[in-house]
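Both backbone and side-chain heavy atoms feed into the values below; hydrogens, waters and symmetry mates do not.
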Amino acid sequence: MNTEILGSVLQIVILLVFSYPLGRHIAKVYKGEKSRWDFFTPVENFIYKLVGVDPKEEMNWKQFLKALLVLNLVWFFWGMILLCTQHWLPLNPDGNANQTADQAFNTCISFMVNCNLQHYSGESGLTYFTQLFVIMLFQFITAATGMAAMAGIMKAMAAKTTKTIGNFWYFLVRSCTRILLPLSLLVGFVLILEGTPMGFDGKMEVNTLEGGTQMVSQGPAAAIVPIKQLGTNGGGYFGVNSSHPLENPTFLTNIFECCSILIIPMAMIWALGFYLKRKKFGASIFAVMFFAYIVGVGINTYYEMNGNPAIDNMGIAQENGAMEGKEVRLGAAGTAFWSVTTTVTSNGSVNGMHDSTMPLSGLIEMLNMQINTWFGGVGVGFMNYYVFIIIAVFISGLMVGRTPEFLGKKVEAKEMKIATIVALLHPFVILVGTALASYLYVHNPAFVESEGGWLNNPSFHGLSEMLYEYTSCAANNGSGFEGLGDNTMFWNYTCGIVLILSRFIPIVGQVAIAGLLAEKKYIPESAGTLKTDTATFGAMTFAVIFIVAALSFFPVHALSTIAEHLSLYI
(Lines give C-alpha, C1' and ligand atoms only; values in the text may rest on other atoms or scores of the structure.)
Protein backbone atom coordinates (compact mmCIF):
# COMPACT_ATOMS: atom_id res chain seq x y z
CA MET A 1 0.00 0.00 0.00
CA ASN A 2 2.88 2.38 0.68
CA THR A 3 4.01 1.78 -2.90
CA GLU A 4 0.55 2.74 -4.15
CA ILE A 5 0.64 6.01 -2.20
CA LEU A 6 4.15 6.74 -3.48
CA GLY A 7 2.78 6.35 -7.01
CA SER A 8 0.21 9.08 -6.30
CA VAL A 9 2.86 11.33 -4.75
CA LEU A 10 5.09 10.81 -7.81
CA GLN A 11 2.29 11.93 -10.13
CA ILE A 12 1.64 15.06 -8.07
CA VAL A 13 5.33 15.95 -8.21
CA ILE A 14 5.41 15.41 -11.99
CA LEU A 15 2.40 17.68 -12.44
CA LEU A 16 3.86 20.44 -10.29
CA VAL A 17 7.27 20.28 -11.96
CA PHE A 18 6.10 20.28 -15.59
CA SER A 19 2.94 22.43 -15.46
CA TYR A 20 4.89 25.61 -14.71
CA PRO A 21 7.18 25.62 -17.81
CA LEU A 22 4.28 24.40 -19.94
CA GLY A 23 2.27 27.39 -18.70
CA ARG A 24 5.06 29.73 -19.80
CA HIS A 25 5.06 28.08 -23.23
CA ILE A 26 1.27 28.43 -23.56
CA ALA A 27 1.44 32.14 -22.72
CA LYS A 28 4.07 32.64 -25.43
CA VAL A 29 1.94 30.73 -27.94
CA TYR A 30 -1.08 32.97 -27.42
CA LYS A 31 0.96 36.18 -27.30
CA GLY A 32 2.51 35.29 -30.65
CA GLU A 33 6.06 35.56 -29.37
CA LYS A 34 8.92 34.01 -31.32
CA SER A 35 9.82 30.50 -30.23
CA ARG A 36 11.39 27.25 -31.39
CA TRP A 37 7.90 26.11 -32.46
CA ASP A 38 7.73 28.62 -35.31
CA PHE A 39 8.39 25.82 -37.80
CA PHE A 40 4.62 25.18 -37.54
CA THR A 41 3.93 28.60 -39.09
CA PRO A 42 3.70 27.35 -42.73
CA VAL A 43 1.25 24.63 -41.64
CA GLU A 44 -0.84 27.18 -39.74
CA ASN A 45 -0.85 29.61 -42.67
CA PHE A 46 -2.02 26.80 -44.96
CA ILE A 47 -4.94 26.08 -42.60
CA TYR A 48 -5.91 29.76 -42.47
CA LYS A 49 -5.81 29.96 -46.27
CA LEU A 50 -7.77 26.71 -46.64
CA VAL A 51 -10.67 27.92 -44.49
CA GLY A 52 -10.47 31.50 -45.76
CA VAL A 53 -9.74 33.43 -42.56
CA ASP A 54 -7.34 36.22 -41.70
CA PRO A 55 -5.59 35.35 -38.40
CA LYS A 56 -4.49 38.96 -37.92
CA GLU A 57 -8.03 40.35 -37.99
CA GLU A 58 -9.03 41.44 -34.49
CA MET A 59 -12.51 40.46 -33.27
CA ASN A 60 -14.77 42.00 -30.68
CA TRP A 61 -16.34 39.62 -28.19
CA LYS A 62 -19.51 39.18 -30.28
CA GLN A 63 -17.57 38.30 -33.44
CA PHE A 64 -15.37 35.96 -31.39
CA LEU A 65 -18.40 34.08 -30.05
CA LYS A 66 -20.04 33.95 -33.48
CA ALA A 67 -16.99 32.22 -34.95
CA LEU A 68 -16.89 29.78 -32.01
CA LEU A 69 -20.57 28.85 -32.26
CA VAL A 70 -20.64 28.55 -36.06
CA LEU A 71 -17.64 26.21 -35.98
CA ASN A 72 -19.37 23.93 -33.48
CA LEU A 73 -22.63 23.94 -35.45
CA VAL A 74 -20.90 22.91 -38.67
CA TRP A 75 -19.07 20.01 -37.04
CA PHE A 76 -22.26 18.87 -35.30
CA PHE A 77 -23.91 18.17 -38.66
CA TRP A 78 -20.70 16.49 -39.87
CA GLY A 79 -20.77 14.13 -36.91
CA MET A 80 -24.47 13.31 -37.20
CA ILE A 81 -24.12 12.32 -40.86
CA LEU A 82 -21.12 10.06 -40.27
CA LEU A 83 -22.49 8.36 -37.14
CA CYS A 84 -25.81 7.55 -38.83
CA THR A 85 -24.06 6.09 -41.93
CA GLN A 86 -20.93 4.53 -40.41
CA HIS A 87 -21.91 0.96 -41.34
CA TRP A 88 -21.46 1.79 -45.04
CA LEU A 89 -18.28 3.83 -44.64
CA PRO A 90 -14.68 2.53 -44.90
CA LEU A 91 -12.57 1.15 -42.02
CA ASN A 92 -15.28 -1.06 -40.55
CA PRO A 93 -13.70 -4.53 -40.50
CA ASP A 94 -15.96 -5.69 -37.64
CA GLY A 95 -19.16 -4.69 -39.43
CA ASN A 96 -20.46 -2.38 -36.68
CA ALA A 97 -23.94 -0.96 -37.28
CA ASN A 98 -25.11 2.63 -37.68
CA GLN A 99 -26.08 4.53 -34.56
CA THR A 100 -29.76 5.36 -34.10
CA ALA A 101 -30.79 9.00 -34.46
CA ASP A 102 -31.21 9.58 -30.70
CA GLN A 103 -27.91 7.87 -29.89
CA ALA A 104 -26.09 9.76 -32.66
CA PHE A 105 -27.58 13.03 -31.35
CA ASN A 106 -26.30 12.29 -27.85
CA THR A 107 -22.89 11.11 -29.06
CA CYS A 108 -22.39 14.05 -31.41
CA ILE A 109 -23.48 16.69 -28.88
CA SER A 110 -21.45 15.01 -26.14
CA PHE A 111 -18.20 15.04 -28.08
CA MET A 112 -18.94 18.44 -29.59
CA VAL A 113 -19.16 20.06 -26.14
CA ASN A 114 -16.01 18.31 -24.82
CA CYS A 115 -18.03 16.04 -22.51
CA ASN A 116 -17.55 12.65 -24.21
CA LEU A 117 -20.41 11.04 -22.33
CA GLN A 118 -20.82 7.64 -23.97
CA HIS A 119 -24.16 5.87 -24.20
CA TYR A 120 -22.49 3.17 -26.30
CA SER A 121 -19.55 0.79 -25.98
CA GLY A 122 -16.50 1.92 -27.95
CA GLU A 123 -15.68 -1.42 -29.56
CA SER A 124 -19.17 -2.08 -30.94
CA GLY A 125 -20.75 1.40 -31.08
CA LEU A 126 -18.28 2.99 -33.51
CA THR A 127 -16.13 2.03 -36.49
CA TYR A 128 -12.47 2.89 -36.96
CA PHE A 129 -13.58 5.58 -39.41
CA THR A 130 -15.87 7.36 -36.96
CA GLN A 131 -13.38 6.87 -34.12
CA LEU A 132 -10.90 8.89 -36.18
CA PHE A 133 -13.01 11.35 -38.17
CA VAL A 134 -15.64 12.11 -35.54
CA ILE A 135 -14.31 11.21 -32.10
CA MET A 136 -10.61 12.07 -32.43
CA LEU A 137 -11.34 15.09 -34.65
CA PHE A 138 -13.83 16.48 -32.16
CA GLN A 139 -11.45 15.86 -29.27
CA PHE A 140 -8.92 18.20 -30.87
CA ILE A 141 -11.49 20.80 -31.94
CA THR A 142 -13.42 21.01 -28.67
CA ALA A 143 -10.30 21.13 -26.51
CA ALA A 144 -8.85 23.86 -28.73
CA THR A 145 -12.19 25.72 -28.59
CA GLY A 146 -12.04 25.94 -24.80
CA MET A 147 -8.39 26.99 -24.91
CA ALA A 148 -9.10 29.63 -27.56
CA ALA A 149 -11.93 31.04 -25.46
CA MET A 150 -9.60 31.36 -22.47
CA ALA A 151 -6.95 32.96 -24.68
CA GLY A 152 -9.50 35.59 -25.72
CA ILE A 153 -10.40 36.24 -22.09
CA MET A 154 -6.72 36.55 -21.14
CA LYS A 155 -6.18 39.07 -23.92
CA ALA A 156 -9.19 41.05 -22.72
CA MET A 157 -7.96 40.96 -19.12
CA ALA A 158 -4.46 42.09 -20.12
CA ALA A 159 -5.63 45.12 -22.12
CA LYS A 160 -6.22 48.46 -20.38
CA THR A 161 -9.05 49.53 -22.71
CA THR A 162 -9.93 47.70 -25.93
CA LYS A 163 -12.91 46.71 -28.03
CA THR A 164 -11.27 43.53 -29.36
CA ILE A 165 -10.18 40.30 -27.68
CA GLY A 166 -8.04 38.70 -30.39
CA ASN A 167 -8.80 36.31 -33.23
CA PHE A 168 -10.64 33.06 -32.45
CA TRP A 169 -9.17 31.18 -35.44
CA TYR A 170 -5.62 32.22 -34.53
CA PHE A 171 -6.00 30.92 -30.99
CA LEU A 172 -7.80 27.74 -32.13
CA VAL A 173 -5.19 26.69 -34.68
CA ARG A 174 -2.24 27.47 -32.42
CA SER A 175 -3.84 25.48 -29.59
CA CYS A 176 -3.83 22.43 -31.87
CA THR A 177 -0.47 22.79 -33.61
CA ARG A 178 1.74 24.05 -30.79
CA ILE A 179 0.19 22.51 -27.66
CA LEU A 180 -2.19 19.60 -28.22
CA LEU A 181 -0.52 17.90 -31.20
CA PRO A 182 3.09 17.78 -29.87
CA LEU A 183 1.98 16.50 -26.46
CA SER A 184 -0.31 13.92 -28.08
CA LEU A 185 2.54 12.58 -30.20
CA LEU A 186 4.72 12.22 -27.11
CA VAL A 187 2.08 10.34 -25.10
CA GLY A 188 1.10 8.23 -28.12
CA PHE A 189 4.71 7.14 -28.60
CA VAL A 190 4.86 5.90 -24.99
CA LEU A 191 1.55 4.05 -25.34
CA ILE A 192 2.70 2.24 -28.48
CA LEU A 193 5.92 1.15 -26.76
CA GLU A 194 3.89 -0.18 -23.83
CA GLY A 195 1.52 -2.23 -25.98
CA THR A 196 -1.50 -0.09 -26.87
CA PRO A 197 -2.68 -1.22 -30.33
CA MET A 198 -2.22 1.00 -33.37
CA GLY A 199 -3.53 -0.49 -36.60
CA PHE A 200 -6.62 -1.15 -38.67
CA ASP A 201 -7.05 -4.93 -38.41
CA GLY A 202 -10.35 -6.35 -37.21
CA LYS A 203 -10.93 -8.35 -34.03
CA MET A 204 -8.15 -10.72 -33.05
CA GLU A 205 -8.83 -14.28 -31.90
CA VAL A 206 -6.89 -15.19 -28.75
CA ASN A 207 -6.69 -18.31 -26.60
CA THR A 208 -7.88 -17.85 -23.00
CA LEU A 209 -6.40 -19.42 -19.85
CA GLU A 210 -9.46 -21.69 -19.68
CA GLY A 211 -8.56 -23.16 -23.06
CA GLY A 212 -11.28 -21.38 -25.03
CA THR A 213 -11.08 -18.58 -27.57
CA GLN A 214 -12.09 -14.94 -27.39
CA MET A 215 -12.39 -12.15 -29.95
CA VAL A 216 -10.49 -9.02 -28.84
CA SER A 217 -11.01 -5.64 -30.51
CA GLN A 218 -8.00 -3.70 -31.78
CA GLY A 219 -7.73 -0.61 -33.98
CA PRO A 220 -6.01 2.80 -33.82
CA ALA A 221 -6.32 3.17 -30.02
CA ALA A 222 -2.85 4.71 -29.52
CA ALA A 223 -3.77 7.61 -31.81
CA ILE A 224 -6.95 8.48 -29.91
CA VAL A 225 -6.10 7.88 -26.23
CA PRO A 226 -3.52 10.73 -25.92
CA ILE A 227 -5.85 13.53 -27.03
CA LYS A 228 -8.65 11.95 -25.02
CA GLN A 229 -6.58 12.64 -21.89
CA LEU A 230 -4.69 15.81 -22.83
CA GLY A 231 -7.80 17.60 -24.10
CA THR A 232 -9.80 16.68 -20.98
CA ASN A 233 -12.09 14.76 -23.29
CA GLY A 234 -12.24 11.33 -21.67
CA GLY A 235 -14.12 9.25 -24.25
CA GLY A 236 -12.92 5.65 -24.05
CA TYR A 237 -11.78 3.90 -27.20
CA PHE A 238 -12.89 0.72 -25.45
CA GLY A 239 -16.12 0.43 -23.50
CA VAL A 240 -14.48 0.20 -20.08
CA ASN A 241 -12.22 3.15 -20.88
CA SER A 242 -8.74 3.26 -19.28
CA SER A 243 -9.41 0.21 -17.12
CA HIS A 244 -9.06 -1.81 -20.37
CA PRO A 245 -5.64 -3.55 -20.53
CA LEU A 246 -5.11 -2.45 -24.14
CA GLU A 247 -6.10 1.19 -23.58
CA ASN A 248 -4.00 1.38 -20.39
CA PRO A 249 -1.67 -1.64 -20.37
CA THR A 250 0.81 -0.92 -17.53
CA PHE A 251 1.38 1.20 -14.45
CA LEU A 252 3.67 3.41 -16.57
CA THR A 253 0.89 4.14 -19.06
CA ASN A 254 -1.41 4.74 -16.10
CA ILE A 255 0.97 7.46 -14.84
CA PHE A 256 1.32 9.04 -18.29
CA GLU A 257 -2.42 9.01 -18.94
CA CYS A 258 -3.38 10.30 -15.50
CA CYS A 259 -0.80 13.11 -15.59
CA SER A 260 -1.97 13.98 -19.11
CA ILE A 261 -5.46 14.68 -17.75
CA LEU A 262 -4.33 17.47 -15.43
CA ILE A 263 -1.13 18.86 -16.98
CA ILE A 264 -2.76 21.37 -19.38
CA PRO A 265 -5.51 22.57 -16.96
CA MET A 266 -2.76 23.22 -14.39
CA ALA A 267 -0.53 24.87 -16.98
CA MET A 268 -3.35 27.15 -18.13
CA ILE A 269 -3.47 28.75 -14.67
CA TRP A 270 0.27 29.46 -14.79
CA ALA A 271 -0.19 30.72 -18.36
CA LEU A 272 -2.72 33.24 -17.06
CA GLY A 273 -0.12 34.66 -14.66
CA PHE A 274 2.53 34.83 -17.39
CA TYR A 275 0.14 36.38 -19.93
CA LEU A 276 -1.09 39.08 -17.55
CA LYS A 277 2.40 39.56 -16.08
CA ARG A 278 0.80 38.87 -12.71
CA LYS A 279 2.42 35.62 -11.62
CA LYS A 280 1.30 36.14 -8.03
CA PHE A 281 -2.32 36.33 -9.20
CA GLY A 282 -1.93 33.07 -11.14
CA ALA A 283 -0.23 31.43 -8.16
CA SER A 284 -3.05 32.42 -5.79
CA ILE A 285 -5.66 30.85 -8.09
CA PHE A 286 -3.49 27.76 -8.52
CA ALA A 287 -3.15 27.43 -4.72
CA VAL A 288 -6.93 27.47 -4.16
CA MET A 289 -7.54 24.89 -6.88
CA PHE A 290 -4.64 22.68 -5.78
CA PHE A 291 -5.82 22.73 -2.14
CA ALA A 292 -9.29 21.51 -3.13
CA TYR A 293 -7.74 18.85 -5.38
CA ILE A 294 -5.43 17.49 -2.69
CA VAL A 295 -8.23 17.33 -0.13
CA GLY A 296 -10.28 15.25 -2.59
CA VAL A 297 -7.34 12.93 -3.30
CA GLY A 298 -6.80 12.40 0.42
CA ILE A 299 -10.46 11.57 1.13
CA ASN A 300 -10.88 9.15 -1.78
CA THR A 301 -7.56 7.43 -1.15
CA TYR A 302 -8.45 6.92 2.52
CA TYR A 303 -11.86 5.39 1.85
CA GLU A 304 -10.81 3.22 -1.09
CA MET A 305 -7.74 1.83 0.67
CA ASN A 306 -9.62 1.09 3.90
CA GLY A 307 -12.27 -1.03 2.25
CA ASN A 308 -15.99 -1.47 2.78
CA PRO A 309 -17.14 -1.67 6.44
CA ALA A 310 -20.09 -3.85 5.45
CA ILE A 311 -17.66 -6.42 4.04
CA ASP A 312 -15.50 -6.12 7.16
CA ASN A 313 -18.55 -7.05 9.25
CA MET A 314 -18.83 -10.25 7.23
CA GLY A 315 -15.32 -11.23 8.31
CA ILE A 316 -13.84 -10.93 4.83
CA ALA A 317 -10.28 -9.55 4.64
CA GLN A 318 -9.71 -6.43 2.55
CA GLU A 319 -5.95 -6.09 2.66
CA ASN A 320 -5.88 -4.39 -0.75
CA GLY A 321 -8.77 -2.03 0.01
CA ALA A 322 -12.20 -1.85 -1.63
CA MET A 323 -11.36 -3.71 -4.82
CA GLU A 324 -14.80 -4.05 -6.40
CA GLY A 325 -14.70 -2.42 -9.83
CA LYS A 326 -10.93 -1.90 -9.77
CA GLU A 327 -8.01 -3.35 -11.68
CA VAL A 328 -5.60 -5.40 -9.55
CA ARG A 329 -2.64 -4.12 -11.57
CA LEU A 330 -3.50 -0.51 -10.64
CA GLY A 331 -4.74 -0.88 -7.06
CA ALA A 332 -7.23 0.98 -4.89
CA ALA A 333 -5.03 4.07 -4.46
CA GLY A 334 -4.39 4.31 -8.20
CA THR A 335 -8.12 4.28 -8.88
CA ALA A 336 -8.82 6.76 -6.07
CA PHE A 337 -6.21 9.19 -7.40
CA TRP A 338 -7.51 8.91 -10.95
CA SER A 339 -11.15 9.33 -9.81
CA VAL A 340 -10.36 12.75 -8.32
CA THR A 341 -8.06 13.82 -11.17
CA THR A 342 -10.67 13.00 -13.81
CA THR A 343 -13.49 14.81 -11.96
CA VAL A 344 -11.66 18.00 -10.95
CA THR A 345 -11.15 18.34 -14.69
CA SER A 346 -13.85 17.83 -17.30
CA ASN A 347 -12.09 14.66 -18.44
CA GLY A 348 -14.30 11.80 -17.30
CA SER A 349 -12.06 8.91 -18.30
CA VAL A 350 -11.86 6.12 -15.70
CA ASN A 351 -9.41 3.37 -14.76
CA GLY A 352 -11.96 1.76 -12.43
CA MET A 353 -15.72 1.91 -12.09
CA HIS A 354 -16.94 4.96 -10.14
CA ASP A 355 -20.21 3.14 -9.53
CA SER A 356 -18.26 0.77 -7.28
CA THR A 357 -16.34 3.35 -5.26
CA MET A 358 -17.30 4.00 -1.65
CA PRO A 359 -20.26 6.40 -1.11
CA LEU A 360 -18.13 9.28 0.18
CA SER A 361 -15.72 8.79 -2.72
CA GLY A 362 -18.73 9.12 -5.02
CA LEU A 363 -19.66 12.28 -3.10
CA ILE A 364 -16.22 13.80 -3.77
CA GLU A 365 -16.37 12.79 -7.43
CA MET A 366 -19.74 14.49 -7.85
CA LEU A 367 -18.83 17.56 -5.78
CA ASN A 368 -15.77 18.11 -7.98
CA MET A 369 -18.06 18.26 -10.99
CA GLN A 370 -20.84 20.16 -9.23
CA ILE A 371 -18.38 22.86 -8.14
CA ASN A 372 -16.75 22.63 -11.60
CA THR A 373 -13.96 25.15 -10.93
CA TRP A 374 -11.01 23.12 -9.62
CA PHE A 375 -8.75 23.24 -12.71
CA GLY A 376 -11.64 22.03 -14.90
CA GLY A 377 -11.41 21.49 -18.64
CA VAL A 378 -8.64 22.95 -20.75
CA GLY A 379 -9.41 26.66 -20.83
CA VAL A 380 -12.95 26.48 -19.50
CA GLY A 381 -11.76 25.51 -16.01
CA PHE A 382 -10.39 28.96 -15.33
CA MET A 383 -13.36 30.52 -17.12
CA ASN A 384 -15.71 28.94 -14.56
CA TYR A 385 -13.47 30.20 -11.76
CA TYR A 386 -13.45 33.63 -13.44
CA VAL A 387 -17.20 33.94 -12.89
CA PHE A 388 -16.74 33.40 -9.16
CA ILE A 389 -13.88 35.91 -9.10
CA ILE A 390 -16.31 38.51 -10.47
CA ILE A 391 -18.88 37.59 -7.81
CA ALA A 392 -16.24 37.62 -5.06
CA VAL A 393 -14.93 41.01 -6.20
CA PHE A 394 -18.45 42.44 -6.19
CA ILE A 395 -19.24 41.10 -2.70
CA SER A 396 -15.85 42.20 -1.34
CA GLY A 397 -16.29 45.68 -2.78
CA LEU A 398 -19.67 46.05 -1.11
CA MET A 399 -18.24 44.80 2.20
CA VAL A 400 -15.58 47.55 2.29
CA GLY A 401 -17.84 50.25 0.86
CA ARG A 402 -16.05 50.69 -2.49
CA THR A 403 -17.09 50.33 -6.10
CA PRO A 404 -16.04 46.79 -7.05
CA GLU A 405 -13.03 46.74 -9.39
CA PHE A 406 -11.14 43.91 -11.06
CA LEU A 407 -7.83 44.53 -12.83
CA GLY A 408 -8.61 48.24 -13.09
CA LYS A 409 -12.17 47.84 -14.42
CA LYS A 410 -15.39 48.57 -12.57
CA VAL A 411 -17.62 45.53 -12.06
CA GLU A 412 -21.19 46.77 -12.47
CA ALA A 413 -24.72 45.42 -12.68
CA LYS A 414 -24.49 44.02 -16.23
CA GLU A 415 -21.43 41.86 -15.46
CA MET A 416 -22.95 40.69 -12.18
CA LYS A 417 -26.21 39.65 -13.83
CA ILE A 418 -24.33 37.55 -16.38
CA ALA A 419 -22.06 36.03 -13.71
CA THR A 420 -25.04 35.16 -11.52
CA ILE A 421 -26.90 33.47 -14.39
CA VAL A 422 -23.82 31.41 -15.29
CA ALA A 423 -23.15 30.43 -11.66
CA LEU A 424 -26.75 29.36 -10.97
CA LEU A 425 -27.34 27.63 -14.32
CA HIS A 426 -25.08 24.73 -13.33
CA PRO A 427 -26.99 23.57 -10.21
CA PHE A 428 -30.30 24.41 -11.90
CA VAL A 429 -29.92 22.02 -14.85
CA ILE A 430 -28.47 19.24 -12.68
CA LEU A 431 -31.18 19.37 -10.04
CA VAL A 432 -34.06 19.85 -12.48
CA GLY A 433 -32.87 16.91 -14.60
CA THR A 434 -32.48 14.67 -11.55
CA ALA A 435 -35.89 15.71 -10.21
CA LEU A 436 -37.55 14.93 -13.55
CA ALA A 437 -35.93 11.50 -13.81
CA SER A 438 -36.80 10.70 -10.18
CA TYR A 439 -40.42 11.78 -10.68
CA LEU A 440 -40.82 9.59 -13.76
CA TYR A 441 -39.17 6.63 -12.03
CA VAL A 442 -41.63 6.81 -9.14
CA HIS A 443 -44.84 8.01 -10.82
CA ASN A 444 -44.56 6.54 -14.32
CA PRO A 445 -43.00 3.09 -13.88
CA ALA A 446 -44.54 1.84 -17.12
CA PHE A 447 -42.57 4.39 -19.14
CA VAL A 448 -39.38 3.52 -17.27
CA GLU A 449 -39.95 -0.20 -17.86
CA SER A 450 -40.51 0.46 -21.57
CA GLU A 451 -36.95 1.85 -21.63
CA GLY A 452 -35.42 -1.10 -19.82
CA GLY A 453 -35.93 -0.08 -16.21
CA TRP A 454 -33.02 2.42 -16.05
CA LEU A 455 -31.60 1.50 -12.62
CA ASN A 456 -29.67 -1.63 -11.63
CA ASN A 457 -29.46 -0.44 -8.02
CA PRO A 458 -32.35 0.64 -5.76
CA SER A 459 -32.69 3.23 -3.01
CA PHE A 460 -29.90 5.73 -2.20
CA HIS A 461 -27.49 4.43 -4.81
CA GLY A 462 -30.12 4.51 -7.54
CA LEU A 463 -30.67 8.22 -6.87
CA SER A 464 -26.88 8.71 -6.94
CA GLU A 465 -26.73 7.10 -10.38
CA MET A 466 -29.26 9.55 -11.84
CA LEU A 467 -27.70 12.53 -10.03
CA TYR A 468 -24.25 11.54 -11.29
CA GLU A 469 -25.45 11.33 -14.90
CA TYR A 470 -26.79 14.88 -15.02
CA THR A 471 -23.86 16.17 -12.98
CA SER A 472 -21.44 14.62 -15.46
CA CYS A 473 -23.37 16.14 -18.39
CA ALA A 474 -23.52 19.62 -16.90
CA ALA A 475 -19.82 19.59 -15.98
CA ASN A 476 -18.80 18.40 -19.48
CA ASN A 477 -17.20 15.42 -17.74
CA GLY A 478 -18.59 12.25 -19.29
CA SER A 479 -17.93 9.67 -16.59
CA GLY A 480 -20.87 7.80 -15.11
CA PHE A 481 -22.23 5.48 -12.47
CA GLU A 482 -22.65 2.61 -14.88
CA GLY A 483 -25.51 0.98 -13.00
CA LEU A 484 -27.71 3.38 -14.97
CA GLY A 485 -29.07 2.05 -18.26
CA ASP A 486 -28.67 5.29 -20.18
CA ASN A 487 -28.89 4.35 -23.86
CA THR A 488 -32.59 5.21 -24.12
CA MET A 489 -34.47 7.99 -25.86
CA PHE A 490 -35.16 9.75 -22.53
CA TRP A 491 -31.56 9.81 -21.38
CA ASN A 492 -30.10 10.45 -24.83
CA TYR A 493 -32.26 13.52 -25.44
CA THR A 494 -32.42 14.99 -21.92
CA CYS A 495 -28.67 14.58 -21.45
CA GLY A 496 -28.12 16.15 -24.88
CA ILE A 497 -30.14 19.21 -23.87
CA VAL A 498 -28.22 19.56 -20.59
CA LEU A 499 -24.96 19.23 -22.52
CA ILE A 500 -25.85 22.07 -24.90
CA LEU A 501 -27.06 24.43 -22.17
CA SER A 502 -24.12 23.75 -19.88
CA ARG A 503 -21.44 24.23 -22.50
CA PHE A 504 -22.49 27.20 -24.56
CA ILE A 505 -24.39 29.47 -22.16
CA PRO A 506 -21.41 29.64 -19.75
CA ILE A 507 -18.90 30.24 -22.57
CA VAL A 508 -21.08 33.01 -24.02
CA GLY A 509 -21.48 34.59 -20.59
CA GLN A 510 -17.82 34.34 -19.63
CA VAL A 511 -16.53 35.79 -22.90
CA ALA A 512 -19.19 38.51 -22.72
CA ILE A 513 -18.05 39.53 -19.22
CA ALA A 514 -14.44 39.73 -20.37
CA GLY A 515 -15.42 41.73 -23.48
CA LEU A 516 -17.59 44.15 -21.52
CA LEU A 517 -14.88 44.76 -18.92
CA ALA A 518 -12.24 45.22 -21.63
CA GLU A 519 -14.24 48.06 -23.18
CA LYS A 520 -14.35 50.03 -19.91
CA LYS A 521 -11.99 52.81 -18.94
CA TYR A 522 -8.92 51.57 -17.09
CA ILE A 523 -8.59 52.84 -13.51
CA PRO A 524 -5.00 52.76 -12.15
CA GLU A 525 -4.52 50.89 -8.90
CA SER A 526 -4.42 52.95 -5.71
CA ALA A 527 -3.97 52.33 -2.00
CA GLY A 528 -7.67 51.55 -1.70
CA THR A 529 -7.77 49.04 -4.60
CA LEU A 530 -8.90 45.53 -3.65
CA LYS A 531 -5.93 43.17 -4.09
CA THR A 532 -6.96 40.00 -5.91
CA ASP A 533 -3.61 38.21 -5.65
CA THR A 534 -3.62 37.69 -1.88
CA ALA A 535 -4.39 34.70 0.33
CA THR A 536 -7.32 36.64 1.80
CA PHE A 537 -8.99 37.12 -1.58
CA GLY A 538 -8.23 33.49 -2.46
CA ALA A 539 -10.04 32.40 0.72
CA MET A 540 -12.91 34.74 -0.13
CA THR A 541 -13.25 33.24 -3.61
CA PHE A 542 -13.12 29.71 -2.16
CA ALA A 543 -15.90 30.62 0.29
CA VAL A 544 -18.10 32.07 -2.48
CA ILE A 545 -17.57 28.97 -4.62
CA PHE A 546 -18.36 26.64 -1.74
CA ILE A 547 -21.48 28.53 -0.66
CA VAL A 548 -22.94 29.03 -4.14
CA ALA A 549 -21.84 25.81 -5.85
CA ALA A 550 -21.35 23.13 -3.19
CA LEU A 551 -24.17 23.88 -0.73
CA SER A 552 -26.73 23.89 -3.55
CA PHE A 553 -26.33 20.12 -3.68
CA PHE A 554 -26.32 19.27 0.03
CA PRO A 555 -30.03 18.24 0.21
CA VAL A 556 -29.79 15.78 -2.68
CA HIS A 557 -26.53 14.34 -1.32
CA ALA A 558 -28.20 13.86 2.06
CA LEU A 559 -30.67 11.56 0.27
CA SER A 560 -28.06 9.75 -1.83
CA THR A 561 -24.32 9.49 -1.12
CA ILE A 562 -24.42 10.55 2.54
CA ALA A 563 -27.42 8.33 3.33
CA GLU A 564 -25.71 5.39 1.59
CA HIS A 565 -22.53 5.98 3.58
CA LEU A 566 -24.43 5.95 6.88
CA SER A 567 -26.31 2.79 5.87
CA LEU A 568 -23.02 0.87 5.74
CA TYR A 569 -22.69 1.19 9.51
CA ILE A 570 -26.20 0.03 10.42
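With respect to the salt-bridge test (charged N to carboxylate O, under 4.0 angstrom), the residues E44 and R178 qualify. Using a 4.0 Å cut-off between a side-chain N of Lys or Arg and a carboxylate O of Asp or Glu, K228 and E247 qualify as a salt bridge. A salt bridge links E415 with K520: at least one charged nitrogen is closer than 4.0 Å to a carboxylate oxygen. For the pair K49 and D54, the salt-bridge criterion is not met [side-chain N within less than 4.0 Å of a carboxylate O].
Within a 6.0 Å radius of CZ in F189, other residues, nucleotides and ligands contribute 12 heavy atoms or fewer. Atom OH of Y522 is surrounded by more than 12 heavy atoms from other residues, nucleotides or ligands within 6.0 Å. Other residues, nucleotides and ligands place no more than 12 heavy atoms under 6.0 Å from the CZ atom of F46. The environment of CZ in F200 is crowded: more than 12 heavy-atom neighbours from other residues, nucleotides or ligands sit within 6.0 Å. Crowding of F290 atom CZ: a count of heavy atoms from other residues, nucleotides or ligands under 6.0 Å exceeding 12.
Side-chain rings of W75 and F111 stay apart, their centers remaining 6.0 Å or farther from each other. Taking the six-membered ring for Trp, F382 and F375 have ring centres at least 6.0 Å apart.
Under a 3.5 Å cut-off, the side chain of H119 and the backbone N or O of N106 do not form any donor-acceptor pair. Put simply, the side chain of N233 gets close to the backbone of Q139: a donor and an acceptor are under 3.5 Å apart. For T164 (side chain) and M59 (main-chain N/O), no donor-acceptor pair under 3.5 Å exists by modelled atom type.
Below 30°, between 30° and 60°, or above 60°: for W270 and Y20 the angle between ring planes is above 60°, a perpendicular geometry. Using cut-offs of 30° and 60° on the angle between ring planes, the pair F64 and F171 is tilted. By the 30° and 60° cut-offs, the orientation of the rings of Y293 relative to F337 is perpendicular.
Among the candidates V340, T342, T335, the single residue satisfying the side-chain contact (heavy atoms from CB on, under 4.5 Å) test with W338 is T342.
Note that K31 lies in the cation-pi zone of Y275, set by a 6.0 Å cut-off to the ring centre and a 45° limit from the axis.
Rounding to the nearest 0.5 Å places CD1 of I141 at 9.5 Å from CH2 of W78.
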